[in-house]
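A quick write-up on the structure given underneath.
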Amino acid sequence: MAQPSNASSQVLRIAGGRALAGRVAVGGAKNAALPIMAATLLTDEPVRLSGVPHLADVETLAQLLRQLGVAVERDEQDTLCLATVDDEPVVAPYTLVERMRASFCVLGPLVARRGGAVVSLPGGCMIGDRPVDLHLAGLQALGAEIQIDRGYVIARARRLCGARVHMAGRRGPTVTGTANILCAATLARGTSTITGAAVEPEIVDLGNFLRAMGARIDGLGTPTIRVEGVERLGGVSHTVIPDRIEAATLLIAGAMTGGEVELTGARPAHLRRVLAVLEQAGARLVIERERIALAAPARLRALRVAAEPYPGVPTDVQALLTAMLLTARGHGRIIDRVFADRFLHVDEFRRLGADIVRRGATASIEGVRRLSGATVTACDLRAAAALALAGLVAEGETIVRRIDHLDRGYDRLEDKLAALGARIERIVEPPVPTTAWRPDTTRRHAA
């Protein structure tokens, strides 16, 4: 089932205080599916993608690809069939790209195969400045002419040529930038060397997809990727890797509630640092090839964690671990070395009774024995999930607003939590009263 179109008017209602228990399957990775979908612009042959989650971001990119001449259909629960029916369109409009940063990944494939692109500068979550300078510099190095006009990137190239391109900035490697340049280099004339490349599993999955299409790529999963350009790429069937962020979310939910949960279809190798943090906090883990079982004590231990580029703890897990430490025993600290501004959820945690202070890129947390339910508002995708997890351990009822953020990256997270025993449901937000209580000012008090 697709995500509801009126998600902005819906909320999550959570009754906390129950330890999670049970088994749940991990879905396909959003952050792998999106660049792979964009990469289908590199071929005129049909592509079949399995393991694609039902997400607002997936639907947004599907709409954009349709505008770019690609037929996109879901023929099974988690399978997309994509085929180019018109290879002339090159304009990716603001109305779609501003919804989601990953839409910018169409730039490289469009320039490489259609010789040009007009792509709006991207939008997405409000988690600080994320410039696209490295994307543009990389395409220029491959021979594209780039200009920016009224919020659009206009890129042209008769055919790209292999070059040496560096993809690391002051925050580390850019994942979407690496995806853009990797795609573009597959059809460039000659050999390209991408240094400072992102090594995330999602980039490796994209590279394996491109290889299956006929691309010649070496060095995936390392900071240096070499690409020998080919004349054309073909159609392929591909299964998207499991979502490591969803897996981390479910494991953290089980740990902070003192529960026992089992994940199937997971990739433990993609979660080594997160699993180490959970063990340090007191959880017991049983790890197999595609299975992770967790059992946690009633109260975890506080610890210090830093979010860093892969293979470190992902910045996408930072808010979730912050939620976990709110009720852990002792003093905890979270540092985000990727996005220093990704702490807008701190004020909402305080509404639940958290003892948390933010100083720059660091949040210091004194664990409290209990949180109290309240109405909170999500500011971005991962904050929405973190607030839902905090609601699982809060006394009373918690309402999480703006769950349209949640639907960008989780395929019905509340259903998976409910399958583990959480008392959580999606409801339409009650209307705000048109009149508010006011004090009676008609009485006169005696002097």
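Hydrogens, waters and symmetry mates play no part in the numbers below; they use all other heavy atoms, side chains included. Sequential numbering from 1 along the given sequence is applied to the chain's residues. What you see is a predicted model, and the numbers here were worked out from it, not measured in a lab.
For the pair Pro223/Val199, a side-chain contact is recorded, criterion being any heavy-atom separation below 4.5 Å from C-beta on. Looking only at side-chain heavy atoms (C-beta outward), Val26 and Arg267 stay at 4.5 Å or farther from each other. Side-chain contact between Tyr310 and Val175: absent, with no pair of heavy atoms (C-beta onward) separated by less than 4.5 Å. Side-chain contact between Leu139 and Asn180 is absent, with no heavy-atom pair separated by less than 4.5 Å. A heavy-atom distance below 4.5 Å is not found between the side chains of Cys105 and Leu34. Side-chain contact between Arg74 and Val58 is present, with at least one heavy-atom pair separated by less than 4.5 Å. Looking at Tyr410 and Asp415, their side chains never come closer than 4.5 Å, going by heavy atoms from C-beta outward. Within the 4.5 Å cutoff, side-chain heavy atoms of Arg226 are placed close to those of Thr224.
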Please walk me through it: do Val277 and Val317 pass side chain to side chain contact (heavy atoms under 4.5 Å, CB included)? CA-CA 11 Å; Val277 167; Val317 178; over 6 Å; no
Does the side chain to side chain contact (heavy atoms under 4.5 Å, CB included) test come out yes or no for Leu325 and Leu303, once each step is laid out? CA-CA 8 Å; Leu325 295 181; Leu303 67 162; 3.6 Å; yes
Check step by step if side chain to side chain contact (heavy atoms under 4.5 Å, CB included) holds for Val261 and Leu250. CA-CA 8 Å; Val261 301; Leu250 296 168; over 6 Å; no
Side chain to side chain donor-acceptor pair (under 3.5 Å) evaluation trace for Asp44 with Thr84: CA-CA 5 Å; Asp44 59 0; Thr84 297; over 6 Å; no
Please walk me through it: do Val274 and Arg244 pass side chain to side chain contact (heavy atoms under 4.5 Å, CB included)? CA-CA 10 Å; Val274 173; Arg244 61 192 172 106; over 6 Å; no
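Here the shortest heavy-atom pairing between Ala307 and Gln318 reads CB-CB, 4.2 Å. Of all heavy-atom pairs between Ala33 and Val240, the closest is N-CG1, 4.0 Å. Of all the heavy atoms in Arg99 and Thr60, the pair that sits closest is NH1-OG1, 3.7 Å. Heavy atoms only, all atoms of each residue included: Ala296 and Leu300 are closest at CB-CD2, 4.2 Å. Closest approach of Arg351 and Ala374 over heavy atoms only: O-CB, 3.6 Å. Listed here is the closest heavy atom pair of Leu110 and Pro89: CD2-O, 4.1 Å.
The distance from the CD1 atom of Ile194 to the CD1 atom of Ile181 is 7.0 Å, given to the nearest 0.5 Å. Rounded to the nearest 0.5 angstrom, Leu121 CG and Phe104 CZ are separated by 6.0 Å. To the nearest 0.5 Å, atoms CD (Glu246) and CG (Leu251) are separated by 10.5 Å. Note that the CE atom of Met37 and the CG atom of Leu80 stand 5.5 Å from one another [nearest 0.5 Å]. Atom CZ in Arg291 sits 4.0 Å away from atom CD in Glu262 (nearest 0.5 Å). For the atom pair CG of Leu381 and CG of Asp404, the computed distance is 10.5 Å after rounding to the nearest 0.5 Å.
Within the 3.5 Å criterion, the main-chain N or O of Ala102 finds no donor-acceptor partner in the side chain of Thr176. Proximity of a side-chain donor or acceptor of Thr79 to a complementary backbone N or O of Asp75 within less than 3.5 Å is not detected.
For the side-chain contact (heavy atoms from CB on, under 4.5 Å) with Leu41, the qualifying choice from Val111, Leu82, Asp87, Val106 is Val106, the only one to do so. Under the salt bridge (Lys or Arg N to Asp or Glu O under 4.0 Å) test applied with Glu228, the options Arg216, Arg211, Arg189 reduce to a single match, Arg216.
Ion pair Asp57/Arg408 flagged as a salt bridge, since at least one NZ, NE, NH1 or NH2 atom sits closer than 4.0 Å to an Asp/Glu carboxylate oxygen. Ionic pairing of Arg158 and Glu145 is not present here: no N-O contact between side-chain nitrogen and carboxylate oxygen is shorter than 4.0 angstrom. By the 4.0 Å N-to-carboxylate-O rule, Arg412 lies close enough to Glu414 to be salt-bridged with it. Ion pair Lys30/Asp316 not flagged as a salt bridge, since none of the NZ, NE, NH1 or NH2 atoms sits closer than 4.0 Å to an Asp/Glu carboxylate oxygen.
Under 3.5 Å, the side chains of Glu202 and Asn31 contain no donor-acceptor pair of N or O atoms. Of the N and O atoms on the side chains of Asn208 and His238, not one donor lies less than 3.5 Å from an acceptor on the other residue. Under 3.5 Å, the side chains of Thr377 and Arg401 contain a donor-acceptor pair of N or O atoms.
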